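One structure below.
In what follows, residues are counted from 1 in the order of the sequence shown. Source: prediction; values computed, not measured.
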Amino acid sequence: MIGRLNHVAIAVPDLTAAARTYRDALGAEVGEPADLPGHGVRVVFVTLPNTKVELLEPLGDDSPVAAFLARNPAGGIHHLCYEVEDIRAARDRLLAAGARVLGDGEPRTGAHGRPVLFLHPKDFAGTLVELEEA
Ligand code: CO
């Protein structure tokens, strides 16, 4: 069911510093910061030949990334995003398999303007999983 790895998201305490590291030390193609208030994050996309890295910094007081950084002050991998062809069909299949879909279970518009859902890490080997309709 899942297709390509769309991105790896890394929560960071300092988005400017992390973007500089990816651009200057790793020589990656790094975009401009963008605020996503609906998701409580500020993001920078790093474009690689085969996937993307999404650097995340908390935006606002109730950002889900703030709690993650409280547990991981130096930052760390926050979630993986896999592409699916039909996000509602994917959700229904996962619910039937007993997986937990976060929030109200309805897809929201993600960082790339596409519908996304998040799946409970305890159901997926300890990793928060995002599905994005490709
Ligand atoms: Co993501």
Side-chain angles (χ1 to χ4, degrees):
M1 179 177 71
I2 60 170
R4 286 166 23 100
L5 175 67
N6 184 276
H7 60 270
V8 176
I10 303 175
V12 300
D14 182 338
L15 192 60
T16 304
R20 190 185 311 121
T21 297
Y22 269 78
R23 186 180 57 240
D24 296 347
L26 293 172
E29 183 185 329
V30 175
E32 293 299 316
D35 288 357
L36 301 176
H39 293 270
V41 292
R42 178 176 291 125
V43 300
V44 164
F45 291 112
V46 179
T47 304
L48 305 179
N50 62 338
T51 190
K52 294 184 283 287
V53 174
E54 188 176 280
L55 302 171
L56 303 174
E57 181 182 71
L59 180 68
D61 292 336
D62 55 352
S63 171
V65 176
F68 180 91
L69 283 173
R71 295 190 303 273
N72 304 275
I77 294 179
H78 185 264
H79 64 267
L80 301 181
C81 178
Y82 301 119
E83 295 180 358
V84 294
E85 282 185 19
D86 181 333
I87 200 160
R88 287 187 168 80
R91 174 199 59 195
D92 293 346
R93 173 177 166 157
L94 286 158
L95 290 172
R100 285 166 282 185
V101 176
L102 301 187
D104 64 4
E106 282 305 306
R108 299 168 64 200
T109 301
H112 312 105
R114 308 288 306 164
V116 302
L117 281 174
F118 286 90
L119 307 174
H120 200 294
K122 286 189 176 158
D123 296 331
F124 295 94
T127 304
L128 179 62
V129 171
E130 179 179 19
L131 299 179
E132 180 174 306
E133 191 166 270

Student check: side-chain heavy atoms of [X] and [Y] closer than 4.5 Å:
X    : Y    : value
M1   : R93  : yes
I10  : V53  : yes
R91  : E106 : yes
V84  : I2   : yes
V116 : T109 : no
F45  : E32  : no
V12  : L56  : no
L119 : L94  : yes

Which distance, rounded to the nearest 0.5 Å, do you find between the [atom1] of [X] and the [atom2] of [Y]?
X    : Y    : atom1 : atom2 : result
D35  : L59  : CG    : CG    : 5.0 Å
L128 : L102 : CG    : CG    : 6.5 Å
E133 : I87  : CD    : CD1   : 6.0 Å
C81  : R114 : SG    : CZ    : 11.5 Å

Are the side chain of [X] and the backbone N or O of [Y] linked by a donor-acceptor pair below 3.5 Å?
X    : Y    : answer
N72  : G75  : no
T47  : K52  : no
E83  : N6   : no
S63  : G40  : yes
D123 : R100 : yes
D14  : T16  : yes
R42  : A34  : no

Apply side chain to side chain contact (heavy atoms under 4.5 Å, CB included) to the pair L117 and E132, showing each step before the final yes or no.
CA-CA 7 Å; L117 281 174; E132 180 174 306; over 6 Å; no
Closest approach of P64 and H39, non-hydrogen atoms and distance?
CD-O, 3.7 Å
For the residue pair H7 and E130, confirm or rule out a side-chain donor-acceptor distance under 3.5 Å.
yes
Measure the acute angle between the ring planes of H79 and F118, then classify it against the limits of 30° and 60° as parallel, tilted or perpendicular.
perpendicular
Flag if over 12 foreign heavy atoms under 6.0 Å of CD1, I77
no
